[in-house]
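Each chain gets a letter, A, B and so on, in the order the sequences are listed, and its residues count up from 1.
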Protein chains: 2
Amino acid sequence: MAQKNKLQFIILGLLNQRPLTGYDLTKSFDNEIGEFWQAQHSQIYPQLKRLEEQGAITHEVMVSGEKLEKKLYHITDLGTARLRDWITVGTPELTATKDEFILKLYFIRKSTDPRLSVMLHEQLRLHTAKLTHLKGRMTTVFGDDQQIADNYGHYLILQHAVGRESYYVNWLKQTLKTVKHAQA
Amino acid sequence: MAQKNKLQFIILGLLNQRPLTGYDLTKSFDNEIGEFWQAQHSQIYPQLKRLEEQGAITHEVMVSGEKLEKKLYHITDLGTARLRDWITVGTPELTATKDEFILKLYFIRKSTDPRLSVMLHEQLRLHTAKLTHLKGRMTTVFGDDQQIADNYGHYLILQHAVGRESYYVNWLKQTLKTVKHAQA
DNA sequence: AGGAACATGTAAATTGTTACATGATTAC
DNA sequence: GTAATCATGTAACAATTTACATGTTCCT
């Protein structure tokens, strides 16, 4: 296996909350989940087919308007059991964070390299925008306490993402200061 | 392309510092670089062959002992140019962090779920160990200021990794406190 | 002598991305 | 009407992991 097929568990986890179409599942990766995993529809549709063959999910056909058929997938008992097992077993492997900017940074030898400041400013812009987006999500999704109580894990990971992004932005600002001094 | 072949640039960047064998390159992923990118030797050897075909690197054969031949790879002018270009262009895509634990967390609905505490404790153990390792690297690799001045980017990414891991550990501790209260 | 580490490759399978393909519905 | 979005799929390609395969050198 190239990575033990975590996508199947994400699909099962989402379907465990409520029935969804392949299109709905694809869109789930636009927000919070997308912070921690990415998948395109070309990966999701075949995976749905496999999960159904295995009996972990089923689908019913819904018709929108005149003739648009969409498949609404439901999780089965086998699926919930598989999801439960995945969550319950340990998670001992810490995967490397693939950060291309950090990779480039590694190959900058001198603090006086003129590219450094440019690169840091670009990242500061990007990560500040991301942080703003995440904070916006936090207020819209978890405006009231009941939302937090009912989706505690979701709340935790969003809060984690905000904190992580805050750290990144602060680190960039601090590093920029140091670089500025080094170049002065 | 599945990801624009970043591995080639890591190899070029490492060879730009000094000539290395495929084995040496493989081992480079055990430490700092491994925090931000992973690759196995089965990916590195074919990539070296391709880079050499393209004229970005060359190799000379060294003989250790009686007959063990090893290939010491050098970067060429074409290679340094390609590396320079990669570092110089912008890095506008922020890749998702694939964190399996966070993914599992997303599917925990209630703060009273008994698995939560177990999961958080496991991660606290793992990330604390990692933080200790990174701090150790920091003192061994950057004991004196000259090391920092000569490998500033390397210093920055190690420092970034330490900070990121510190955040993670603190977040886990804070979250554990909240969970404990919720369960009390 | 034997085990850990050095050293280099290939093969098979899986995962993930981009591109190709098609059609329906909704809101303006 | 037309553009954005909804909706589902396959094909081709690229990246990544795991397994297969072999041999040497160094240290104790």
Side-chain angles (χ1 to χ4, degrees), chain A residues 1-11 19-31 33-34 36-54 57 59-73 93-100 103, chain B residues 1-11 14 19-31 33-34 36-54 57 59-73 93-98 100 103:
Chain A
M1 335 144 227
Q3 201 147 168
K4 236 208 109 221
N5 195 357
K6 279 152 199 149
L7 178 60
Q8 67 173 316
F9 299 116
I10 301 171
I11 292 175
L20 296 166
T21 66
Y23 188 84
D24 296 331
L25 286 163
T26 303
K27 300 215 71 184
S28 299
F29 290 90
D30 289 346
N31 281 305
I33 288 191
F36 302 102
W37 207 268
Q38 278 294 318
Q40 278 69 45
H41 77 274
S42 58
Q43 211 181 346
I44 289 166
Y45 287 111
Q47 184 65 64
L48 284 168
K49 193 182 275 184
R50 279 196 296 277
L51 282 169
E52 186 157 38
E53 280 165 13
Q54 295 160 6
I57 59 175
H59 80 268
E60 54 176 324
V61 175
M62 311 287 280
V63 179
S64 288
E66 286 293 293
K67 49 180 167 176
L68 180 63
E69 295 192 345
K70 52 182 183 176
K71 298 180 179 174
L72 196 63
Y73 286 92
E93 319 85 33
L94 306 181
T95 316
T97 310
K98 298 205 165 181
D99 187 323
E100 188 176 7
L103 233 34
Chain B
M1 328 148 233
Q3 203 143 168
K4 236 206 110 220
N5 195 358
K6 279 152 199 150
L7 178 60
Q8 68 174 314
F9 300 116
I10 301 172
I11 291 174
L14 290 168
L20 295 167
T21 65
Y23 189 84
D24 295 332
L25 287 163
T26 303
K27 298 214 71 182
S28 299
F29 290 91
D30 289 345
N31 282 306
I33 289 190
F36 302 101
W37 206 268
Q38 277 294 319
Q40 278 69 45
H41 78 274
S42 60
Q43 210 181 347
I44 290 166
Y45 288 112
Q47 185 63 64
L48 284 168
K49 193 183 275 183
R50 280 197 295 278
L51 283 169
E52 187 157 38
E53 280 165 12
Q54 295 161 7
I57 60 175
H59 81 267
E60 55 174 324
V61 175
M62 311 288 280
V63 179
S64 288
E66 285 292 293
K67 49 180 167 174
L68 180 63
E69 294 192 347
K70 51 181 182 177
K71 297 180 180 175
L72 196 62
Y73 286 93
E93 318 87 30
L94 306 181
T95 316
T97 309
K98 299 205 163 182
E100 188 177 6
L103 230 37

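- C:dA7 atom P lies 10 Å from atom CG of B:L72, rounded to whole Å.
- Contact record, A:Y23 with A:Y45: N-OH, 3.5 Å, taken as the closest heavy-atom pair.
- The interatomic distance linking B:R50 (CZ) with D:dC13 (C1') rounds to 13 Å, in whole Å.
- Here C:dT22 presents its P atom at 24 Å from NZ of A:K70, a figure rounded to the nearest Å.
- B:Q54 CD to B:L51 CG: the interatomic distance, rounded to the nearest 0.5 Å, is 5.5 Å.
- Residues forming a side chain to side chain contact (heavy atoms under 4.5 Å, CB included) with A:E52 (at least two apart in sequence, or on another chain): A:I57, A:T58, A:H59, A:Y73.
- The distance from atom CG of A:N5 to atom C1' of C:dA13 is 13 Å, rounded to the nearest whole Å.
- With values rounded to the nearest 0.5 angstrom, B:F36 atom CZ is found 11.5 Å from B:I10 atom CD1.
- Listed by residue number, the members of residues 19-31 of chain B with any heavy atom below 4.0 angstrom from DNA chain D form an empty set.
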Between side-chain atoms of residues 64-72 of chain B and protein atoms elsewhere (two or more places apart, or another chain), which donor-acceptor pairs fall under 3.5 Å?
none

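- Atom CD1 in B:I44 sits roughly 11 Å away from atom P in D:dT17 (whole-Å rounding).
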Hey, what are the protein-to-nucleotides 9-12 of chain C N/O distances that come in under 3.5 Å?
residue	atom	partner	partner atom	Å
C:dG9	OP1	B:K71	NZ	2.5
C:dG9	N7	B:H41	NE2	3.3
C:dG9	O6	B:H41	NE2	2.6
C:dT10	OP1	B:K49	NZ	3.0

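- The nearest pair of heavy atoms linking B:G34 to A:A96 is O-CB, 3.2 Å.
- Looking at A:K49, A:R50, A:Q43 one by one, the single match for side-chain contact (heavy atoms from CB on, under 4.5 Å) with A:P46 turns out to be A:R50.
- In this structure, B:K4 places its NZ atom 17 Å from C1' of D:dC13, rounding to the nearest Å.
- Counting all heavy atoms, side chain and backbone alike, A:L7 lies closest to A:A39 at CD1-CB, 3.8 Å.
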| message | Pair A:N5, A:Q47 - check side chain to side chain contact (heavy atoms under 4.5 Å, CB included), show working. | response | CA-CA 10 Å; A:N5 195 357; A:Q47 184 65 64; 3.2 Å; yes

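- Taking each heavy atom of B:F29 and B:W37 in turn, the nearest pair found is CD2-O, 3.3 Å.
- Remark: P of C:dG16 and NZ of A:K6 are 8 Å apart, rounded to the nearest angstrom.
- Comparing the local axis fitted to the first five base pairs of the helix from C:dA1-D:dT28 to C:dC28-D:dG1 with the one fitted to its last five gives a bend of 40°, rounded to 10°.
- Shown for residues 60-69 of chain B: residues whose heavy atoms fall under 4.0 angstrom of DNA chain D, namely B:S64, B:G65, B:E66, B:K67, B:L68.
- In this structure, CG of A:L7 is placed 10 Å from P of C:dT17, rounded to the nearest angstrom.
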